[in-house]
**Q** 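Before anything else, here's the structure in question.
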Amino acid sequence: MPELPEVETVRRGLAPVIEGRTFARVVQRRTTLRVPMPENFVARMTGRRVISIGRRAKYLLWTLDNGEVMVVHLGMSGRMSILSPPDKDGNGRHDHVVFHMDDGVRVVFTDPRRFGLITLVAENDLEDHRLFCHLGPEPLGNAFDGGVLSSVLRGRKSPIKTTLLDQKVVVGLGNIYVCEALFRAGISPRRSAATVAGKRADRLVPHIRDVLTEAIEAGGSSLRDYAGADGELGYFQNAHAVYGREGEPCPGCACGGGVQRIVQSGRSTFFCAARQR
DNA sequence: ACGAGAACCTGTTTGC
DNA sequence: TGCAAACAGGTTCTCG
């Protein structure tokens, strides 16, 4: 479910409410998500204060006052939501962890498919941790530009669509925003990655930045179960030019063929064959 | 070393 | 109506 804009939206919803608060009680209902939960998770969390909530790639990073970081990934169907008093109880079938803060605020981690994960990592070991050591640059950071992208794309024979989904190339993009960025850049998802290196990469980078930035401003894309931490739905799905729009006319293009859906590496790709070359 | 495909899960939609 | 297949925002492992 969540790509960078959705995770960032969750982070922005959580941070002002949670930063500075202490875990008064933690209720853990599952020992395993995508990977096993940390040993003694409840004991290690209880009494800790949250210094800050950050993000790297699609991971939420809760920095704690003991030098550890709670790492959260939402997988395909995960949510982290703040329950306000009259709200639901956090006892749903897929509510795996409930965090009770010292001011009465409750945060629930819900994930029907359990592709998400929660783990604890020492802050100093974060960069070298197996989850992080292979990650590419942040697409909205200074370390990402056409030259950097080109250097990774050169020598890659696979289609640009699947290459951009590889978090070693650049982080944060998922199926929606790859399709949207390639559409905006007029680049065919089937084109081999190596042929995008150079001028096409220079053209693509600003579109990646723009589509992610616009999506964050819109609170992300709410298709099925995604919502921000406050339960608000994003509305960027209304701005999707191609994703999920098979058969619809391609916006701003009189090609007549409309948006096509193909499958690449087992996942749907949406694009306009006339505009994207 | 690289890339395609499978696997991990549950829920919802689609098609016969 | 009913059941089976297809599909879903991600990551990681295996195999060729």
Side-chain angles (χ1 to χ4, degrees), chain A residues 1-11 29-37 55-60 71-81 92-96 109-119 129-136 139 152-182 189-194 211-212 215-216 218-229 233-247 261-270:
Chain A
M1 131 181 133
E3 305 180 32
L4 186 151
E6 290 74 35
V7 177
E8 179 61 21
T9 297
V10 171
R11 190 198 69 76
R29 301 215 179 78
R30 277 233 166 233
T31 55
T32 298
L33 297 170
R34 196 180 88 208
V35 299
M37 296 276 295
R55 178 191 58 75
R56 169 77 171 112
K58 300 172 189 171
Y59 295 91
L60 290 169
V71 175
V72 179
H73 196 287
L74 300 176
M76 288 280 264
S77 58
R79 293 173 62 165
M80 267 210 138
S81 28
R93 185 154 125 74
H94 302 297
D95 294 336
H96 305 310
F109 176 81
T110 309
D111 186 6
R113 295 179 72 179
R114 304 201 298 277
F115 289 172
L117 67 84
I118 296 178
T119 192
H129 190 274
R130 53 184 300 278
L131 291 174
F132 298 94
C133 62
H134 296 302
L135 293 179
V152 189
L153 297 183
R154 272 187 254 277
R156 290 251 192 173
K157 203 184 165 194
S158 58
I160 185 64
K161 157 72 179 345
T162 53
T163 304
L164 290 173
L165 287 176
D166 184 345
Q167 303 293 297
K168 293 193 280 294
V169 173
V170 59
V171 303
L173 294 173
N175 215 24
I176 295 176
Y177 298 106
V178 165
C179 291
E180 295 296 317
L182 287 173
R190 295 192 272 217
R191 174 179 283 282
S192 89
V211 73
L212 294 176
I216 291 169
S221 300
S222 291
L223 297 182
R224 290 163 193 82
D225 39 14
Y226 170 77
L233 300 179
Y235 53 87
F236 194 72
Q237 66 279 6
N238 300 311
H240 294 175
V242 288
Y243 185 84
R245 299 196 184 281
E246 181 181 20
R261 186 181 83 94
I262 59 174
V263 176
Q264 295 178 291
S265 290
R267 309 195 66 191
S268 290
T269 300
F270 299 89

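Labels below follow one simple rule: chain letters A, B, ... track the order of the sequence lines, proteins then strands, and each chain is numbered from 1.
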**Q** Please list, pair by pair, any protein nitrogen or oxygen found under 3.5 Å from a nitrogen or oxygen in nucleotides 3-7 of chain C.
**A**
{"unit_1": "C/dC7", "atom_1": "OP1", "unit_2": "A/Arg261", "atom_2": "NH2", "d": "3.1"}

**Q** Which residues, if any, of residues 160-170 of chain A bring a heavy atom under 4.0 Å of DNA chain B?
**A**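 None, since no heavy atom is under 4.0 Å.
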**Q** Of all the heavy-atom pairs spanning A/Ser265 and A/Thr162, show the shortest one and how long it is.
**A**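 Nearest pair, atom of A/Ser265 first, then A/Thr162: OG-CG2, 3.4 Å.
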**Q** Which atoms form the tightest heavy-atom contact between A/Cys179 and A/Asn175, and what is the distance?
**A**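 Looking at all heavy atoms of both residues, the shortest contact is SG-O, 3.2 Å.
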**Q** Checking A/Glu3 side chain against A/Ile176 main chain: does a donor-acceptor pair fall under 3.5 Å?
**A**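 Here the side-chain-to-backbone pair exists.
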**Q** Keeping to residues at least two apart or across chains, list the salt bridge (Lys or Arg N to Asp or Glu O under 4.0 Å) pairs with something in residues 166-175 of chain A.
**A**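 Counting only pairs at least two positions apart or across chains, the salt bridge (Lys or Arg N to Asp or Glu O under 4.0 Å) contacts touching residues 166-175 of chain A are A/Arg156-A/Asp166, A/Asp166-A/Lys168.
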**Q** Looking at C/dA8, does its base get a donor-acceptor pair with the side chain of A/Arg113 below 3.5 Å?
**A**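 Result: at least one qualifying N/O pair found.
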**Q** Reading DNA chain C 5' to 3', what string of ( ), [ ], | and . shows its pairs, if Watson-Crick and G-U wobble pairs count only when both distances fall under 3.5 Å?
**A** .|||||||.|||||||
**Q** List the atom of A/Ser77, the atom of A/Asp111, and the distance in Å for their closest heavy-atom pair.
**A**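 So the minimum-distance heavy-atom pair works out to OG-OD1, 2.6 Å.
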**Q** Output every pair passing side-chain hydrogen bond (donor to acceptor under 3.5 Å, both in side chains) with a member in residues 233-242 of chain A, not counting sequence neighbours, ordered by first then second residue.
**A**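 Counting only pairs at least two positions apart or across chains, the side-chain hydrogen bond (donor to acceptor under 3.5 Å, both in side chains) contacts touching residues 233-242 of chain A are A/Ser221-A/His240.
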**Q** Within the distance-only criterion (no hydrogens, no angle test), does the side chain of A/Lys58 pair as donor or acceptor with the backbone N or O of A/Leu173 below 3.5 angstrom?
**A**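 Yes: the side chain of A/Lys58 pairs with the backbone of A/Leu173.
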**Q** Please report the interatomic distance CZ(A/Arg114) to CG(A/Leu33), rounded to the nearest 0.5 Å.
**A**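 A/Arg114 CZ to A/Leu33 CG: 8.0 Å, rounded to 0.5 Å.
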**Q** Could you grab the distance from atom OG1 of A/Thr110 to atom CZ of A/Arg79, nearest 0.5 Å is fine?
**A**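 A/Thr110 OG1 to A/Arg79 CZ: 7.0 Å, rounded to 0.5 Å.
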**Q** Once you round to the nearest 0.5 Å, how far does NZ of A/Lys161 lie from CZ of A/Phe270?
**A**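 Nearest 0.5 Å value for the NZ-CZ distance: 9.0 Å.
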**Q** My understanding is that only residues two or more places apart in sequence, or in another chain, count here; which of them pass side-chain contact (heavy atoms from CB on, under 4.5 Å) with A/Arg154?
**A**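 For A/Arg154, the residues satisfying side-chain contact (heavy atoms from CB on, under 4.5 Å) (neighbours in sequence not counted) are A/Ser150, A/Ala197.
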**Q** For C/dT11 and B/dA1, measure between their P atoms and round to the nearest Å.
**A**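 22 Å, rounded to whole Å.
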**Q** Of all residues at least two apart in sequence or in a different chain, which pass the salt bridge (charged side-chain N to carboxylate O under 4.0 Å, His left out) check with A/Arg245?
**A**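 Expected list: A/Glu248.
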**Q** I need the minimum non-hydrogen distance between A/Val211 and A/Glu180, along with the two atoms involved.
**A**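 Smallest heavy-atom distance, with atoms named: CG2-CB, 3.9 Å.
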**Q** With a 4.0 Å heavy-atom cut-off, tell me which residues in residues 234-242 of chain A come close to DNA chain C, sorted by residue number.
**A**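 Those residues: none at all.
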**Q** side-chain contact (heavy atoms from CB on, under 4.5 Å) with A/Thr269: which of A/Ile262, A/Val178, A/Val263?
**A**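 Single side-chain contact (heavy atoms from CB on, under 4.5 Å) partner of A/Thr269 among A/Ile262, A/Val178, A/Val263: A/Ile262.
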**Q** Please name all residues satisfying ring pair (Phe, Tyr, Trp, His ring centres under 6.0 Å) with A/Phe132, sequence neighbours left out, ordered by chain then number.
**A**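 Once residues adjacent in sequence are excluded, the partners of A/Phe132 under the ring pair (Phe, Tyr, Trp, His ring centres under 6.0 Å) criterion are A/Tyr59.
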**Q** Given C/dG10, is OP1 or OP2 found less than 4.0 Å from the side-chain N or O atoms of A/His73?
**A**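 Negative; the distance criterion is not met.
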**Q** Looking at every strand, decide which applies to A/Pro159 at a 4.0 Å heavy-atom threshold: base, sugar-phosphate, or nothing.
**A**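 Counting heavy atoms under 4.0 Å across all strands, the contact made by A/Pro159 is with sugar-phosphate only.
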**Q** Could you list, one pair per line, each protein nitrogen or oxygen that sits under 3.5 Å from a nitrogen or oxygen of nucleotides 12-16 of chain C, together with the distance?
**A**
{"unit_1": "C/dT12", "atom_1": "OP1", "unit_2": "A/Arg34", "atom_2": "NH2", "d": "3.4"}
{"unit_1": "C/dC13", "atom_1": "OP1", "unit_2": "A/Arg130", "atom_2": "NH2", "d": "3.3"}

**Q** Donor-acceptor pair, distance only, cut-off 3.5 Å: does the side chain of A/Gln264 make one with the backbone of A/Pro189?
**A**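 Yes; at least one donor-acceptor contact below 3.5 Å.
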**Q** Under the salt bridge (charged side-chain N to carboxylate O under 4.0 Å, His left out) test, which residues partner A/Glu8, sequence neighbours left out?
**A**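 Here the qualifying residues are A/Arg11, A/Arg12, A/Arg55.
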**Q** How would you label the contact of A/Gly266 with the nucleic acid (heavy atoms, under 4.0 Å): base, sugar-phosphate, or nothing?
**A**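 No contact.
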**Q** Tell me the interatomic distance from A/Tyr177, atom OH, to C/dG10, atom P, rounded to whole angstroms.
**A**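 Rounded to whole Å, this separation is 10 Å.
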**Q** Taking atom P in both C/dC3 and B/dC9, compute the distance separating them and give it to the nearest angstrom.
**A**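 It comes out at 25 Å once rounded to the nearest Å.
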**Q** What are the two closest heavy atoms between A/Leu60 and A/Val10, and how far apart are they?
**A**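 Minimum heavy-atom separation between A/Leu60 and A/Val10: CD1-CG1, 3.9 Å.
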**Q** When you list every nucleotide of DNA chain B with an atom under 4.0 Å from a heavy atom of chain A, which one comes first 5' to 3', and which comes last?
**A**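 Answer, 5' to 3': B/dG3 to B/dG11.
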